Structure formats: C-alpha cells, structure tokens
Engineer: 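What follows is a single structure, and I will ask about it in a moment.
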Amino acid sequence: MLFRSWALTMLQKHNVGYASTCNSVGQTAGFFMGYVLFMALESFGLVTLPGFLRFWSVVFVIATTLVAAFKAEKDDAGAENGETKKKEGNGDQADEEPDLGVVETYKLLWSILKLSVMPACIAMLLTSKVGFAATDAVTSLKLIESGVPKEKLAMLAIPMMPLQIVLPWIISKYTSGPRPMDVFMKAIPGRLFMGLVMAGLVWITPSFKTEAGEFPLSYYCLVICLYSLHQVALYSMFVSIMAFFAQVSDPAVGGTYMTLLNTVTNLGGNWPSTLALWFVEGLTISECVGLKDGELGSCGGAEEKELCAAQGGACNTILDGYYVETIVCVVLGLSWYLLWGRKTITWLQDAPSSSWRVVKTKENKE
C-alpha cells in the first residue's frame, strides 16, 4: 500500500491511472518469488519453509536499512524545518503535504471517514467480493482434495506469468481515463460466470484421474485456460479499483488515504473468504456406508469420519458444500450487482473530486 500511494507523487497527474499497473506487475513478481519459486525449490528438497522465510527476512531487513540510511526525502526550496513539503516527482501537482504526527494522522482518518461519499464507498468495498468468495477461497482446495498435486497447481502459475504481467498494461489503457470503474462493473458478471465454470472444473476433475492417480497433460492445459480467463476478470477489477483509488485520493495525504481504502478493500475480500471456508464443511452432506451392522449414519465432521472408518465403513459425499456455496455466492453477487452495486459505483464515480478531499489546498478549493 505504501508503493501504491507513492505512485500518486512519483507519476505525473495525467499518468496517475497507471499506478495500479506498477502495483500489479510488482505484486505478480513478488507472488512468483514467494510462492511459485518456493514450491519449485521445496519440491526438489533444496529449501525448507523456515529456511526460505529466514533468508527473505534477512534480505528485507538489509534492504529497508539501506533505504533508511541512504535515501532521504528532498524538500523543495521553500520548505523549512520540515513543516510543509511539496510532492516531488509530479510536475502537474503543487499540493502541500502536511507533516502529520500519529494523533494528527488518526484525526485525518476520521475526517476522511466523515466525507459524504465514504459510507457508500466503504459499503461497496466490503460487499463487492461476496459473489466470488467460494471460488477464490475453496476452488484450489477442492482440486487438491480431488487428487491434483499442490506442487503442480503452484507450477501452473509459471505459464500464466506473462499474462499476469501483460494484463495490467492492457487494462490500464481503459482505466487511465476519467471513468476507471466502468471496467470494474463490466468485469463483475464475467467473474461471477467464471465462478460457475470453476465449479464445473472441480466437478469433472475426478474423471481425468488415471488409475495410477495422475492427471494427463490435457487436463493441465484445461486448467491453465480456465484460470487464464478467471485472471482476466480478476485483474480487470483489481487494476480498475486501484486506478479509481489513485484518482479520488487526496494527493496531499495520498499515503494515508490510499492505505485506508486498500485496507477496507482487503477486508472486503477476506471476510467472505473466511466465511466460505468456515461453512463449506457444514453445508456438505455425507453418509457412512458399508458398516458391518448395515446401518447408515452421517459423517460430516472429522471425528465422525474417523469413527466411520474405525467401524469398517466409508464416508461418501452426497452433496458437496462447495457447490452449494458457489451457487449461493453467485446469486448473492448478481443480486448485489443488479439491485445496488452498479448504481452505487456509478454514483461514486460521478461524484466531484472536491467531495473526496480533506486537506484544503488551493487546488482542492478550485
């Protein structure tokens, strides 16, 4: 979030929409280093998780220490004693940046929250990802449960790396204008549809499994294609929302403003995913079959499954809660979009820039 807000001052005003592109490419590279590279090295026994984390923690400490020691903020000639500083690197903006302490920062956050556009904005950010919760949180776990090796799923991210790097650059051409959230709204139906498609992928996965417990190359090609389509919808929403934040955030307090908006956005993605993981087992209907006494019983929980196996039975899934969750989420997401989300996003995007400002500068007053 620091670098997202930094982009507000590093980029010129007419290029601020590309802040999300810089962030997306950087996150993609970081994901590759922290997940794909680790899974590849760990599968060959070259590294362990504690050793991997220890190495990068040392690198992080050294890098941040070097930045703190050798990189200093440059004040403009008119700034004295650090009281006010002008944004550097942005030739089109002349907003003065107040030097805020901890107390002043929290007061500023409260001022931001009191803006007339904030209640609707926060409600939108906290609910916009409900329709994707089951797909984002449970799909990969269900593929692993079906027998797909987790190492293979991690390695599938490699052929998608070029797509994840190119996508933000392509999408940014449509989000760098005055209405970046138009892309966000157009991507929602597509991402909801991809939720149903990914559920279908989980459904047919067992049919690809060979007697040796492996999956053919054709299956992995199918997974790559479907995941690529899902990434198009996901990145369209991600890049557009970041471009919108860069557009509406008060440049005089860009770091605080962007951090608040991104924190709410992250919460809006985490709480539905957490609930999806929590309820998936409770929504699953399973029966214990093949008992010696011929009786059938439920085996939904872990203890019941162990008891069923101890009595010589097998726990068969009658209805997987993942499919129930997927349908419920898609219905909720589509209802949210048609009944409230679309018009709320349009209203927020049409709101004048002055309604998002909290620091009274010459530019904001105009």
Side-chain angles (χ1 to χ4, degrees), residues 1 4 20 23-24 27 31 35 113 118-145 153 157 164 181 183-203 226-227 229-245 258-285 300 319-348:
M1 288 182 286
R4 294 174 189 173
S20 55
N23 178 68
S24 300
Q27 281 195 341
F31 171 80
Y35 179 61
L113 292 175
M118 274 300 152
C121 181
I122 292 175
M124 183 272 292
L125 295 176
L126 289 177
T127 56
S128 61
K129 297 181 181 178
V130 171
F132 323 124
T135 302
D136 294 346
V138 190
T139 298
S140 59
L141 298 178
K142 284 298 176 181
L143 292 178
I144 295 174
E145 186 180 286
L153 284 179
Q164 293 172 338
M181 292 297 282
V183 176
F184 186 92
M185 290 187 287
K186 292 178 181 178
I188 290 177
R191 192 170 172 184
L192 291 173
F193 175 74
M194 285 306 302
L196 298 175
V197 173
M198 298 306 290
L201 173 65
V202 174
W203 179 271
L226 295 183
Y227 264 91
L229 293 175
H230 182 259
Q231 290 292 309
V232 172
L234 187 151
Y235 270 79
S236 294
M237 294 184 63
F238 176 76
V239 174
S240 59
I241 195 71
M242 291 299 105
F244 178 68
F245 290 166
M258 288 283 284
T259 299
L260 174 63
L261 292 176
N262 280 287
T263 299
V264 177
T265 302
N266 291 335
L267 288 175
N270 289 335
W271 76 261
S273 297
T274 302
L275 291 182
L277 291 170
W278 182 272
F279 285 113
V280 66
E281 186 173 351
L283 294 173
T284 300
I285 301 176
L319 177 63
D320 196 324
Y322 165 69
Y323 302 111
V324 177
E325 277 193 353
T326 299
I327 295 175
V328 170
C329 286
V330 170
V331 171
L332 289 176
L334 190 60
S335 301
W336 177 92
Y337 174 72
L338 295 176
L339 300 178
W340 185 79
R342 183 169 51 182
K343 60 183 179 182
T344 301
I345 294 173
T346 302
W347 178 76
L348 290 172

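Counting begins at 1 with the first residue of the sequence. Since this is a predicted model, take the numbers as computed values, not measurements.
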Engineer: With a 4.5 Å heavy-atom cut-off, do V324 and F279 have their side chains touching?
Structural biologist: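 Not in contact.
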Engineer: To the closest 0.5 Å, what do you measure between CZ (F245) and OG1 (T265)?
Structural biologist: 3.0 Å
Engineer: Does some side-chain heavy atom of T139 sit less than 4.5 Å from a side-chain heavy atom of Y322?
Structural biologist: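 In short, these two side chains touch, coming nearer than 4.5 Å.
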Engineer: First locate atom CG of L229, then atom CG of L234, and finally report the distance between them rounded to the nearest 0.5 Å.
Structural biologist: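 The CG atom of L229 sits 12.5 Å away from the CG atom of L234.
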Engineer: At their closest point, which heavy atom of S273 faces which heavy atom of G269, and how far apart are they?
Structural biologist: OG-O, 3.0 Å
Engineer: Got more than 12 heavy atoms from elsewhere within 6.0 Å of CZ, F193?
Structural biologist: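 Counting neighbours around CZ of F193, 12 or fewer heavy atoms of other residues, nucleotides or ligands fall under 6.0 Å, so no.
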Engineer: Any non-hydrogen side-chain atom of C121 less than 4.5 Å from a side-chain atom of V264?
Structural biologist: no
Engineer: Which heavy atom of L267 sits nearest a heavy atom of W271, and at what distance?
Structural biologist: O-CD1, 2.9 Å
Engineer: Indicate yes or no: at least one non-hydrogen side-chain atom of L261 is less than 4.5 angstrom from one of I241.
Structural biologist: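 L261 does not reach I241 side chain to side chain.
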Engineer: Does D136 come within less than 4.0 Å of K129, counting only side-chain N to carboxylate O?
Structural biologist: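 No salt bridge links D136 with K129.
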Engineer: To the closest 0.5 Å, what do you measure between CG (L226) and CE (M194)?
Structural biologist: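 If we round to the nearest 0.5 Å, L226:CG and M194:CE are 5.5 Å apart.
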Engineer: For the atom pair CG (L113) and CD1 (I122), what is the distance rounded to the nearest 0.5 Å?
Structural biologist: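 Result: 5.0 Å between the selected atoms.
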Engineer: Which heavy atom of A233 sits nearest a heavy atom of A187, and at what distance?
Structural biologist: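 Looking at all heavy atoms of both residues, the shortest contact is O-CB, 3.8 Å.
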Engineer: Using side-chain heavy atoms (C-beta onward) and a distance below 4.5 Å, is H230 in contact with T135?
Structural biologist: yes
Engineer: So, for G195 and T326, which heavy atoms are closest and what is the spacing to 0.1 Å?
Structural biologist: O-CG2, 3.6 Å
Engineer: V183 versus V239: any side-chain heavy-atom pair under 4.5 Å?
Structural biologist: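 The answer is no, as the side chains (C-beta and beyond) never meet within the 4.5 Å cut-off.
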Engineer: Looking at CE of M198 and OG of S140, how far apart are the two atoms once the value is rounded to the nearest 0.5 Å?
Structural biologist: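 Separation between the atoms: 9.0 Å.
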Engineer: Report yes if the side chains of V202 and V138 come closer than 4.5 Å at any heavy-atom pair, otherwise no.
Structural biologist: no
Engineer: Over all heavy atoms of both residues, which pair between W340 and A120 is shortest? Give the atoms and the distance, please.
Structural biologist: CH2-O, 4.0 Å
Engineer: Could you state the interatomic distance from CG (L348) to CG (L125), rounded to the nearest 0.5 Å?
Structural biologist: 8.5 Å
Engineer: Any side-chain heavy atom of M124 within less than 4.5 Å of one from W336?
Structural biologist: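 Counting from C-beta outward, M124 and W336 do come under 4.5 Å.
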Engineer: Grab the two heavy atoms, one from A137 and one from A276, that are nearest each other, plus how far apart they are.
Structural biologist: CB-CB, 4.5 Å
